[in-house]
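Report on the structure given below.
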Amino acid sequence: MRAYYVYCREHDISLSHAFVQPHASRFDELLEDGSISSCAARIVERNQEGIVVSGAFLLATQGVTTDEILVYPPASPYMPEEDSSRTFAFAVPNNLPGMRWICRESLAQGASAYDYPLSSRFDEMDTLVLFEDVLVPWERVFMLGDERLSMRFFQESGFHVHCGHQVLCRYVAKTEFALGILFYMAETLDRASYPSTIDKITEVIASFETLKSLLVASEAGAAPDRFGSMLPDRRPIWTANVLFPKMYPRMIELIQLLGGSSVIMIPSERDFASESSEAMERYLRGAGIDACSKTALFRLAWDLSSSGFGGRQTLYERFFFGDQSVVAGRLYHAFTDKEACIGKVKAFLRSKDE
Ligand SMILES: Cc1cc2nc3c(=O)[nH]c(=O)nc-3n(C[C@H](O)[C@H](O)[C@H](O)COP(=O)(O)OP(=O)(O)OC[C@H]3O[C@@H](n4cnc5c(N)ncnc54)[C@H](O)[C@@H]3O)c2cc1C
């Protein structure tokens, strides 16, 4: 792992990652001869050169545009085995023999940055990557067989904390951007001082301030770990991981609620160059803004909230760190003040006798 880290750093290697397997890999099929068949990813052979892997992984975002991929299916927490053919972690170049990539449809509907301000520039392709008897050389195998060790690696390396800190920076940046869109929309619609607008935007201000505070708290509580890296305080980060998958879809809903029809009545760049442009200028202008500039803003609001690209973003934020119960469990089990909280309640109940 250390050698690979240095290799990536020195050669400027970009990586996608895949932790999850397709749904079909979770079903076991009973065959006529009584045996059980499964398409779950597994090691089919170990030889002198390395391990041979078969199976499929998703959802390697940017998979086809990076140099290499890190594959690390989480081990089963139930009855961990010491030599499971389904437990491994490795990183390989994207073009090894036997690897195949299946992409979803592109969400960039066009090339114009006016018409598709986000999707034309920022669509990150999601992929399903197939391994058909792929030989992974030993120097690229980081973990093999031992499910307990595989689980410990996630915990003891501080994976979810280091990664979560970077993710929390993203939450703050995205919330600030959504807030900017909402404020600007309210101005151009001449609704900035309506109580219903203030209610909506204040919800996002509160999210923004909460996330920034959690980021500061995670840094203020940082301490060196046993490897000598500064490890941020995990509880504020995991709190943010629980909150943001609910905050983000709500921000998107608020953009739709504030904008109404303006989020969809958004002519294209070509329309503004047509014979209808004069009428559009008259009827689609906003408060203190011409129609073409106002439409640019609302095309952005649409691309973030209502286009295919926007829908994918919302799904991404809902599932980034796994499904909600997994994310909640991480914070729940890390919460060490449970006894102190219960103690306060017990002390209060006892106080009636004093
Ligand atoms: C846009 C996007 C990009 C992504 N990019 C990447 C990436 O680059 N790399 C990567 O590794 N992963 C990526 N992911 C995958 C992400 O890690 C997974 O979506 C996430 O772990 C959840 O897994 P799942 O999609 O299979 O959902 P599921 O596990 O199927 O969950 C879907 C729903 O089913 C419920 N559910 C699941 N199991 C049960 C059960 N046994 N009983 C009751 N309810 C259940 C869940 O609570 C949830 O509500 C991406 C996902 C999205 C949406």
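Atoms within each ligand, like the ligands themselves, are counted from 1 in listed order. All values reported here derive from a predicted model rather than from experimental measurement.
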Using modelled atom types and a 3.5 Å cut-off, is there a donor and acceptor pairing between side-chain atoms of Thr127 and backbone atoms of Val129? no
With atom 24 (P) of ligand 1 as the reference point, say which of Arg26, His17, Glu317, Arg318 has the nearest heavy atom. Arg26
Between ligand 1 and Ser16, can you find any atom pair, the residue atom being a heavy atom, that is separated by under 4.0 Å? no
Under 4.0 Å from ligand 1, counting heavy atoms only, is it the side chain of Leu58, its backbone, both or neither? backbone
Per-atom contacts, ligand 1 versus Asp126 - under 4.0 Å to a heavy atom: 3 (C)
Minimum side-chain heavy-atom gap Leu215-Tyr171 below 4.5 Å: no
Does ligand 1 have an atom that lies less than 4.0 angstrom from a heavy atom of Gln324? no
Nearest to atom 25 (O) of ligand 1, what protein heavy atom do you find, and at what distance? Phe319 CD2, 4.7 Å
Is there a donor-acceptor contact under 3.5 Å from the side chain of Asp271 to the main chain of Ser268? yes
Heteroatom proximity flag, Leu315 to ligand 1, N/O under 3.5 Å: no
Separation between CD (Glu82) and OG1 (Thr87), nearest 0.5 Å, reads 11.5 Å
What protein heavy atom sits nearest atom 2 (C) of ligand 1, and how far away is it? Leu59 CD2, 3.5 Å
Protein heavy-atom partner closest to atom 46 (C) of ligand 1 - residue, atom, separation in Å: Asp323 CG, 3.5 Å
Arg282/Asp290 salt bridge by N-O under 4.0 Å criterion: no
